[in-house]
A.B. asks: 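This is the structure, below, for whatever I ask next.
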Number of protein chains: 2
Amino acid sequence: MFQIAPTIKDVARLSGLSTATVSKYLNGFSVKEQNRIKIESAIKSLNFSVNSLARGLKTNRTMTVGVLIPSLENIFATSIVSHIERVLQEHGYSTIICDYNGSAKLENAKFDFLMNRFADGIIIMPLGLSEEKVRNALEKDVPIISIDRPMKNRECDVVLADNMNASYNAVEHLITRGHREIGIICGPQDIYTAQERLKGYLRVHEDYGMQVDEKNIKYGDYGIQSGYDMMKSFIKESGRVDAVFVTNYEMTLGAVMAINEMNIRIPDELSFIGFDNQHLATVVKPNLTIVVQPIRQIGECAAELLLRRLNGDKTNHPAVYRLKTELHEGHSVR
Amino acid sequence: MFQIAPTIKDVARLSGLSTATVSKYLNGFSVKEQNRIKIESAIKSLNFSVNSLARGLKTNRTMTVGVLIPSLENIFATSIVSHIERVLQEHGYSTIICDYNGSAKLENAKFDFLMNRFADGIIIMPLGLSEEKVRNALEKDVPIISIDRPMKNRECDVVLADNMNASYNAVEHLITRGHREIGIICGPQDIYTAQERLKGYLRVHEDYGMQVDEKNIKYGDYGIQSGYDMMKSFIKESGRVDAVFVTNYEMTLGAVMAINEMNIRIPDELSFIGFDNQHLATVVKPNLTIVVQPIRQIGECAAELLLRRLNGDKTNHPAVYRLKTELHEGHSVR
DNA sequence: TTGTACGCGTTATCAC
DNA sequence: GTGATAACGCGTACAA
């Protein structure tokens, strides 16, 4: 009943050759034609496949890349990963995906797990990954690519969106449409993307010679509930602002809920710009104007960069790829 | 620069003990107190961690579970996985997540990948996984749990939602509210869940002595576009149906887009019931009445079942867990 | 309780 | 082109 996995030895025995020859065949070296046939038939009849644990132990390469994201329920993250995976797979790499459930502690643990499993490289959307771990990895020649936000120490390659200009352009869009009191729902200010997005808001005000009213800036936590709460508080201070810009997907979701609940007519009573996720934008009425991040490009760029690093190309390290966002116009801005 | 990973030998040398002792310590056996201290300090100063490849090679266990889903962008799937992961982690297991991008071929390849990496067990949302592979795995004592839909051969444990009754209850809700011409947008009829959901629709008609009009049944492909198309065609045959039930999340998304575009007033002109995803339901106006699947329970049940199997408990195999769905009432039904 | 010696399945280095 | 054999790092008899 319990079936023990066949090994190269078994294949060698069955085909009357040595393990060395079989191993060579398995690794793409040339073998005498008739031996090739023997080996192939032996493999088939034994249903043999190489033990990648043993192979990894020997070669120190596993042809596996680890991807670490905050949460599997973060659609932004998983979308990027699916592009990463596609590119890597085309180059013979498998992908192991882990999530750390928004916990820096778990993040560090999972990072260890991946290193331990001998991931040849790691792509991570970092939170509080210890700098030491990154340095360790780099020293062991395991390339690390950071996506969406830079690592604290900035010692590693990073691929991200141009958050500052994303925000700048969105708010500028509102300004050129005649809005003057523009509310913004930001993320936590200890998070890089949130800082950048606020910076864009501030800078465009400066460039247009507009005073920033502190009351127009509200801080959420990038979660649905906080988007809902902040939006509601904007609405309750009726008339304070004539437009609101929400700076991530989850908070956009919450803000729309609040708008619906309070029966605010968009864009007549209030203009609105959201973030990420085109599906959400087209499913609500009126269609939302939103900032769209270059999800596909982020994924592809990160994967290709990693592949270069895996091939020993260390030019330009640490590299920074800052990709442009787009403003998709719906009908939520007057 | 290039740092070679320390081994048990190194730890043994540094602590003046043998590899055997160190190994015992690492595996939780008791060691003399002063030796324990020596070992721990050696481990720390070397920054040692066990090579899990070597360990796995030796023990045939990796404490790793593979999870295989159709797509990372399938929020239903990833939500389940996040619950699976939480439970497994509490029991010392790591999780490797793979997606097969909706391709049965890739699905089989990734399954091999997981088996090959010595996943101790596998949880899969299957599409066209070869029965042979499943049997092979079971023979090698690697438990396989199917989620969301049963495997073709039905030889393996499965945890899923009660799709038939989900659909039955949704349509019954429409009937008791006075609807008689009820449209349904189904999934592809070669997919299990789609079959079951249609079955519920048919059965409730039967039970209420209502004739089923073939024209009220439209077949999509579970994708956004098809939900949009089918909904539009219902709308165009104006008056055909006075309610529409959409049977998965993506098609619900598409259907809502069509409704918005055609300016159909819900529920005045048309009653509507969607599927999955509470966020979508609360974000559109009016809030949608939807079928909610027991995502958390599916994940937890699958993980716990797998843990039992991993511990050698084979009672009741192949087990079937059919979990109840709920109908969340919004304001989209008249 | 501790140490020695060997095996796990594979690859790489030699000789042939 | 092929075959014998020494690693890779860990777990575990077995003996001490």
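Sequence lines set the chain letters: A, B, ... in the order given, protein chains first and strands last, and positions in each chain run from 1.
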A.B. asks: With a 4.0 Å cut-off, would you call Glu131(B) and Lys152(B) a salt bridge?
C.D. replies: no
A.B. asks: Tell me whether the side-chain N/O atoms of Ser18(A) come closer than 4.0 Å to OP1 or OP2 in dG3(D).
C.D. replies: yes
A.B. asks: CD of Glu132(B): more than 12 outside heavy atoms within 6.0 angstrom?
C.D. replies: no
A.B. asks: Would you indicate, yes or no, if dT11(C) has its OP1 or OP2 atom less than 4.0 angstrom from a side-chain nitrogen or oxygen of Ser23(A)?
C.D. replies: yes
A.B. asks: Reckon Asn51(B) has a side-chain N or O less than 4.0 Å from the OP1 or OP2 of dC8(D)?
C.D. replies: no
A.B. asks: Within the 4.0 Å heavy-atom criterion, would you say Leu17(B) contacts the bases, only the backbone, or no part of the nucleic acid?
C.D. replies: sugar-phosphate
A.B. asks: Any donor-acceptor pair under 3.5 Å joining the side chain of Lys58(B) to the base of dG7(C)?
C.D. replies: yes
A.B. asks: Answer with base, sugar-phosphate or nothing: what part of the nucleic acid does Ser52(A) contact at a heavy-atom distance below 4.0 Å?
C.D. replies: nothing
A.B. asks: Does a side-chain N or O from Ser30(B) land closer than 4.0 Å to OP1 or OP2 of dT1(C), or not?
C.D. replies: yes
A.B. asks: Assuming nearest nucleotide by heavy-atom distance, tell me which of Asn60(A) and Thr21(A) is located more 5' along DNA chain D.
C.D. replies: Thr21(A)
A.B. asks: Without decimals, in angstroms, what is the distance between Lys24(A) NZ and dT10(C) P?
C.D. replies: 16 Å
A.B. asks: May I ask you to evaluate whether Arg55(B) reaches the phosphate of dG9(D), defined as a side-chain N or O under 4.0 Å from OP1 or OP2?
C.D. replies: no
A.B. asks: Just to be sure I understand the rule, does Leu57(A) reach a base, reach only the sugar-phosphate, or reach nothing, if contact means heavy atoms closer than 4.0 Å?
C.D. replies: base
A.B. asks: What nucleic acid atoms does Phe48(B) come within less than 4.0 Å of, heavy atoms only: base, sugar-phosphate, or nothing?
C.D. replies: sugar-phosphate
